[in-house]
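Worksheet for the structure shown next.
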Amino acid sequence: MLKKKRIVILGSTGSIGRQALEIIRMHSDRYEVVGLSAYSNIDLLELQIKEFDPLYIAVSDTQKASLLRQRMPDKDIRTGREGINNLASLDDADIVLVSVVGIAGLEPTLTAIKNNKIVALATKEAMVTGGHLVESELKRSKGYIIPVDSEHSAIFQCLKASYNPDREIKRILLTASGGPFKGWPVEDLKQVTPQQALKHPNWNMGKRITIDSATMMNKGFEIIEARWLFNVRPDQIDVLVHPQSIVHSMVEFVDSSIIAQMGLPDMRMAIGYAFSYPERLTTGVGDLDLSVISKLTFEYPDMDAFKCLKLAKNALNTGGSMPTVLNAADEAAVALFLNGSIAFTDIADIIERAMQAHVPLPNPSLEEIHSVDAQTRMFVNNLAKG
Ligand SMILES: NC(=O)C1=CN([C@@H]2O[C@H](COP(=O)(O)OP(=O)(O)OC[C@H]3O[C@@H](n4cnc5c(N)ncnc54)[C@H](OP(=O)(O)O)[C@@H]3O)[C@@H](O)[C@H]2O)C=CC1
Ligand SMILES: CC(=O)[C@@H](O)[C@H](O)COP(=O)(O)O
Ligand SMILES: [Mn+2]
């Protein structure tokens, strides 16, 4: 009887977290849940605890944590920043799925690597804000990352076709759906509503990443994520708008071969691969029938229509703490757009102003990153107050 792999899910109540539990449910002979975390959704978390009986639980919101303790007095329920970090370092864990949203994923990612865990990484903001810290931690520890972000999972799989990626990668071809407003005249983008922006053409995801996909900031983040995950130069990463979201990304090698990874747009594929790697298991994802796919199209993005992509490239080239400003300003601006305080087109303008106002720190520590993050959010919220 195989020993079960023990999994911690940080952000179990979210879109990725819930799909991860589906995979574990399908393969309960191979996986068991030892830790679950949420920010404040204790109603769903309580149901997950009852079904999967984890040893440890973390609820970031301290009031909600107390409420849950009252409901489940026999459970070990931790809270705050240290609560989620406890879970990331559990001796009882083999795999830590980091699937919280935002910079909150950076510290637990570093903690899990430091504790020699397999890190199934969905939270791209960890790589955006702290890629240099993750790179250093990976060199010091036995922990390692298996990407869950669909494009980076695809690239990770394509690289299995390479004997020496450091020498053989020519280009990474990062595919993008182009979001719900692909091809729209720029002047029409000012009027789009949160409801329109939350309708992603191909993927069903959490709110923040869905808005980021609409502005293409998500792809900008993914360029930065790829730079750190695969140790390539920014000029080796090209974005191709591929509205069908069937090719999840490709790698072009020095011999001019291009290897691609394809499938229906369903995150259970990338999540399942991260859990089962180097094996593959069934994931419940439907089969891709290419005979009914009339066309697969690829085109370079309109950089004028999607200013966020340009801002992300600038932030990456500037480096240091600038990607932290990019993420924090985006996170704050997306929240303002979703609550109706600003227009869709204001998101990029606000991020640009936050970047212009920032004097980058060349090699920020974790604490400095958190401080730049907080200062940037304050800057953005003051801007919005006018
Ligand atoms: N959804 C997708 O298909 C994809 C997602 N990703 C990435 O995965 C990550 C998660 O995305 P997604 O699942 O869509 O997000 P959701 O918004 O659906 O879920 C976020 C999860 O994180 C928790 N959370 C939110 N804020 C905090 C915080 N400050 N501290 C701790 N936990 C917090 C939420 O708890 P609560 O429910 O209590 O609020 C929830 O469990 C993101 O980084 C995203 O970019 C990448 C590729 C695809
Ligand atoms: C599923 C996933 O990985 C998301 O990052 C998705 O790729 C977003 O779609 P866009 O390609 O529109 O950014
Ligand atoms: Mn992605």
For this session: Please step through side chain to side chain contact (heavy atoms under 4.5 Å, CB included) for the pair H27 and L281, ending with a clear verdict.
Result: CA-CA 9 Å; H27 297 286; L281 289 177; 3.9 Å; yes
For this session: Report the C-alpha distance between I271 and I16 in whole Å, list the side-chain angles of each, state the deciding distance to 0.1 Å, and finish with yes or no for side chain to side chain contact (heavy atoms under 4.5 Å, CB included).
Result: CA-CA 8 Å; I271 297 166; I16 292 288; 4.0 Å; yes
Problem set entry | Test log, rule side chain to side chain contact (heavy atoms under 4.5 Å, CB included), inputs M267 and V148 | CA-CA 8 Å; M267 279 307 289; V148 169; 3.8 Å; yes
Exercise. Please walk me through it: do K5 and D94 pass salt bridge (Lys or Arg N to Asp or Glu O under 4.0 Å)?
Worked result: CA-CA 6 Å; K5 282 187 188 174; D94 302 304; over 6 Å; no
For this session: Please lay out, stage by stage, how R78 and I57 fare under the test side chain to side chain contact (heavy atoms under 4.5 Å, CB included).
Result: CA-CA 6 Å; R78 307 175 181 189; I57 297 122; over 6 Å; no
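Across every non-hydrogen atom of D212 and T215, the tightest pair is O-OG1, 3.2 Å. Nearest heavy atom pair, residue A126 against residue T109, reads CB-OG1, 3.9 Å. Shortest non-hydrogen contact noted between M303 and K310 is O-CE, 3.7 Å. Of all non-hydrogen atoms in M216 and A176, the two that sit nearest each other are CE-CB, 3.7 Å. Between A214 and F306 the shortest heavy-atom distance is O-CE2, 3.5 Å. The minimum heavy-atom distance linking S89 with N115 is given by the pair CB-ND2, 3.3 Å.
How far CD of Q261 is from CG of L159: 12.0 Å, rounded to the nearest 0.5 Å. Here CG of D330 is found 10.0 Å from CZ of R377. Values are rounded to the nearest 0.5 Å. Between the CG atom of L68 and the OG atom of S66 there is a distance of 9.5 Å, given to the nearest 0.5 Å. The line from CG of L173 to CD1 of I237 is 10.5 Å long, rounded to the nearest 0.5 Å. To the nearest 0.5 Å, the span separating CD1 on I24 from CE on M26 amounts to 12.0 Å. Rounded to the nearest 0.5 angstrom, Y39 OH and L10 CG are separated by 15.0 Å.
Here D43 does not pair with K64 in a salt bridge; the nearest charged N to carboxylate O distance is not below 4.0 Å. The pair D91-R6 does not count as a salt bridge, with every side-chain nitrogen at least 4.0 angstrom from each carboxylate oxygen. Ion pairing of K182 with E299 is present here, as a side-chain N (NZ or NE/NH1/NH2) and a carboxylate O approach within less than 4.0 Å. Checked for salt-bridge contact, E135 and R140 miss the test: no charged N lies under 4.0 Å from a carboxylate O. No salt bridge links D235 with R171; every basic N to acidic carboxylate O contact stays at or beyond 4.0 Å. Using a cut-off of 4.0 Å between Lys/Arg side-chain N and Asp/Glu carboxylate O, K190 and D188 are scored as not salt-bridged.
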Which donor-acceptor pairs under 3.5 Å do side chains of residues 117-125 form with protein atoms, sequence neighbours excluded?
unit_1, atom_1, unit_2, atom_2, d
K117, NZ, L90, O, 2.6
K117, NZ, A93, O, 3.0
T123, OG1, V98, O, 3.1
T123, OG1, V100, N, 3.2
T123, OG1, V100, O, 2.6
K124, NZ, D149, OD1, 3.4
K124, NZ, D149, OD2, 3.0
K124, NZ, N218, OD1, 2.5
K124, NZ, E222, OE2, 2.8
E125, OE2, G102, N, 3.2
E125, OE2, R208, NH1, 3.2

List, one per line, each side-chain donor-acceptor pair under 3.5 Å for residues 332-341, sequence neighbours excluded.
unit_1, atom_1, unit_2, atom_2, d
N339, OD1, S341, N, 3.0
N339, OD1, S341, OG, 2.4

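Heavy-atom contacts from other residues, nucleotides or ligands closer than 6.0 Å to CG of D255 number more than 12. Within 6.0 Å of NZ in K114 there are 12 or fewer heavy atoms belonging to other residues, nucleotides or ligands. No more than 12 heavy atoms of other residues, nucleotides or ligands sit less than 6.0 Å from atom CD of Q63. Residue-environment remark: NZ (K207) stays at or below the threshold of 12 foreign heavy atoms within 6.0 Å. The neighbour count for D76 CG, taken as heavy atoms of other residues, nucleotides or ligands under 6.0 Å away, is above 12. Atom CZ of R353 has 12 or fewer neighbouring heavy atoms from other residues, nucleotides or ligands inside a 6.0 Å radius. Counting heavy-atom neighbours within 6.0 Å of K160 NZ, excluding the residue itself, gives a total above 12.
Residues passing the side chain to side chain contact (heavy atoms under 4.5 Å, CB included) test with D166, sequence neighbours excluded: N164, N231. Among residues two or more places apart in sequence or in another chain, the side chain to side chain donor-acceptor pair (under 3.5 Å) test is passed with Q157 by S153, R280. Applying the ring-ring contact (aromatic ring centres under 6.0 Å, His included) test to F379 and every residue at least two apart in sequence or in another chain returns nothing.
The stretch residues 98-107 participates, sequence neighbours left out, in these salt bridge (charged side-chain N to carboxylate O under 4.0 Å, His left out) pairs: R81-E107.
Checking side-chain atoms of N382 against main-chain N and O of M378 turns up a donor-acceptor pair under 3.5 Å. Between the side chain of T283 and the backbone N or O of R268 there is no donor-acceptor pair closer than 3.5 Å. Proximity of a side-chain donor or acceptor of T318 to a complementary backbone N or O of N314 within less than 3.5 Å is detected. A donor-acceptor contact shorter than 3.5 Å is absent between the side chain of S256 and the backbone of E252.
Linking Ile, Leu, Val, Met, Phe, Trp and Tyr residues whenever their side-chain heavy atoms come within less than 4.5 Å places I7 and I23 in a single cluster. Residues L290 and M250 share a single hydrophobic cluster, defined by chaining ILVMFWY side chains whose heavy atoms lie under 4.5 Å apart.
For F156 and F230, the gap between ring centers reaches or exceeds 6.0 Å.
Between M355 and M322, the closest side-chain pair of non-hydrogen atoms falls below 4.5 Å.
Ring-plane geometry between W228 and H132 is classed as tilted, the angle between the planes lying from 30 to 60 degrees on a 0 to 90 degree scale.
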